[in-house]
Amino acid sequence: MIKVQKEDFDVNKELKKLSENKNVGGISFFIGLVREDLSKDKCHSMTLQHYPEMTEKMLDKIEIEANKRWNLIGSIIIHRYGKLYPGDQIVLVGTSSEHRKDAINSCEFLIDWLKTKAPFWKLEERESGKKWVEENFKDSETVKNWK
Amino acid sequence: MIKVQKEDFDVNKELKKLSENKNVGGISFFIGLVREDLSKDKCHSMTLQHYPEMTEKMLDKIEIEANKRWNLIGSIIIHRYGKLYPGDQIVLVGTSSEHRKDAINSCEFLIDWLKTKAPFWKLEERESGKKWVEENFKDSETVKNWK
Amino acid sequence: MNIKYFSWVRDQIGLDEEQIELDPKVNSVEKLVSHLIKNSEDHSKALADISLIRCAVNMEVVNLNHKIKNEDEIAFFPPMTGG
Amino acid sequence: MNIKYFSWVRDQIGLDEEQIELDPKVNSVEKLVSHLIKNSEDHSKALADISLIRCAVNMEVVNLNHKIKNEDEIAFFPPMTGG
């Protein structure tokens with residue numbers, strides 16, 4: 001299941017849904033948060049802009065791909081947009097499977113894909129001013145390793 | 001932090017603790033559950049026996065090892081013992097870091113290690129009778145890959 | 001044709017989206033970029049270094065020689081930074 | 001010396017733990033196993049195939065030729081199945 005929303009999400013609620021099937025032996029979650037980054041150039045807020053129709057399409061596609069590659073019982077992707085603050089949750093990926101490696105590996109795959117394939121752009125308001133987050137070349141390389 | 005307990009645990013509570021530090025950019029969780037395994041030989045219950053002092057010692061050791069190998073901001077391991085039923089939570093591993101790969105990889109490492117290095121033994125009560133869970137050779141191989 | 005802009009491309013052009021009637025000779029993404037650059041100084045500045053920009057046609061990322069037609073939805077944006 | 005048993009080793013021996021006074025000649029895990037096997041039929045059955053059993057001395061997994069002394073805490077158990 002995928003959700004693109006302004007509101008925050010509740011990890012326990014998603015955990016409950018993923019544990020409903022009693023054949024589930026393992027559940028993996030990844031939660032991405034806004035970092036304050038105090039040590040460098042303090043971040044005051046992060047505004048996520050997105051391309052709504054394309055986001056839904058890409059998230060569906062990524063989820064289908066994960067279900068092709070691994071034996072999953074359930075999967076959830078929640079991605080927020082709008083203005084967020086340090087400590088706020090941005091994204092949740094959750095996967096459940098009979099055996100742990102399917103859940104663990106697909107969860108990592110999903111978050112790696114989201115980094116470079118989900119049409120979001122992040123505008124950071126830092127101590128030094130506003131700036132669009134640039135492409136992380138490490139992320140582009142990481143996602144290639146999944147081919 | 002490590003906890004060895006009979007009681008269930010609350011993932012949201014641990015999530016809250018791991019998100020307290022505003023430099024955290026990513027949190028990984030793995031939750032292991034008792035599988036009913038309906039398709040084969042239905043599991044009615046699983047009783048976890050453990051060697052208490054050694055468990056604490058090994059869990060501490062594993063956590064320290066993960067903190068040596070990755071840049072973690074926080075980590076939590078909760079392992080239950082006693083009689084559990086299908087759908088019940090057995091184990092929680094949670095890690096937080098600035099950049100996602102540290103949290104993701106250390107979380108996988110920790111659960112891999114727990115499988116073969118934490119002194120727990122599982123007695124399953126199945127449709128066909130009671131049986132101690134045997135060593136999973138795949139798990140022993142997996143943990144060797146972390147050397 | 002409906003053209004959408006995101007991130008700093010949107011900021012520089014000063015438009016979320018715009019409608020244009022596509023000249024049949026402008027039949028690829030590359031030709032569309034050359035056409036848009038003539039529109040205004042803001043377009044010209046935003047699209048100057050095409051290596052910084054990605055294009056989606058009907059919500060699929062495509063390359064510069066991808067063929068386009070008047071009914072397509074086009075979007076220009078910098079590399080995505082999701083997750 | 002305090003000896004603990006877990007899992008099916010405990011079930012077969014019928015004891016959670018036992019205290020023995022260690023003969024100084026019994027100075028390795030291997031010699032301890034040979035000594036215990038003489039104790040009872042249950043000990044003998046449980047420890048018959050030593051390849052199935054792991055041993056911890058003072059909560060560290062060790063191999064059969066590990067040296068032991070009377071103050072050590074010893075545990076015998078099958079491979080661990082945590083997580």
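Labels below follow one simple rule: chain letters A, B, ... track the order of the sequence lines, proteins then strands, and each chain is numbered from 1.
- Contacts of Lys61(B) with chain D are made by side-chain atoms alone, with heavy-atom separations under 4.5 Å and no backbone atom involved.
- A distance of 8.0 Å separates OG1 in Thr81(D) from CE in Met46(B), rounded to the nearest 0.5 Å.
- Only the side chain of Ile111(B) comes within contact range of chain D, judged by heavy atoms closer than 4.5 Å.
- With a 6.0 Å radius and a threshold of 12 heavy atoms from other residues, nucleotides or ligands, Gln5(B) has its CD atom above the threshold.
- Here the rule is side chain to side chain contact (heavy atoms under 4.5 Å, CB included) with Ser7(D), and of Phe120(B), Trp121(B), Tyr51(B) only Trp121(B) fits it.
- Residue Lys13(B) qualifies as open at atom NZ: its count of foreign heavy atoms under 6.0 Å is 12 or below.
- Asn58(D) touches chain B through its backbone: at least one of N, CA, C or O sits under 4.5 Å from a heavy atom, while the side chain does not.
- Using modelled atom types, no side-chain atom of Lys57(B) and backbone atom of Glu60(D) make a donor-acceptor pair closer than 3.5 Å.
- Few gaps surround NZ on Lys67(D); more than 12 heavy atoms of other groups in view lie less than 6.0 Å from it.
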Evaluate the criterion side chain to side chain contact (heavy atoms under 4.5 Å, CB included) for residue pair Glu135(B) and Arg54(D); output intermediate values, then yes/no.
CA-CA 12 Å; Glu135(B) 177 178 25; Arg54(D) 305 290 175 267; 3.9 Å; yes
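- Within a 6.0 Å sphere centred on CG of Asn71(B), other residues, nucleotides and ligands contribute 12 heavy atoms or fewer.
- Under a cut-off of 6.0 angstrom, the local environment of NZ in Lys4(D) is crowded, with over 12 non-hydrogen atoms contributed by other residues, nucleotides or ligands.
- Scanning both residues, Thr116(B) and Met80(D), for their nearest heavy atoms gives O-CE, 3.7 Å.
- With rounding to the nearest 0.5 Å, the separation of CZ in Phe77(D) from CE in Met54(B) is 4.5 Å.
- For Gln49(B), the part sitting under 4.5 Å from any heavy atom of chain D is the side chain, from C-beta outward, and nothing else.
- Interatomic distance, CG of Asp11(D) versus NZ of Lys130(B), reported as 9.0 Å (0.5 Å rounding).
- Within a 6.0 Å sphere centred on CD of Glu41(D), heavy atoms belonging to other residues, nucleotides or ligands number 12 at most.
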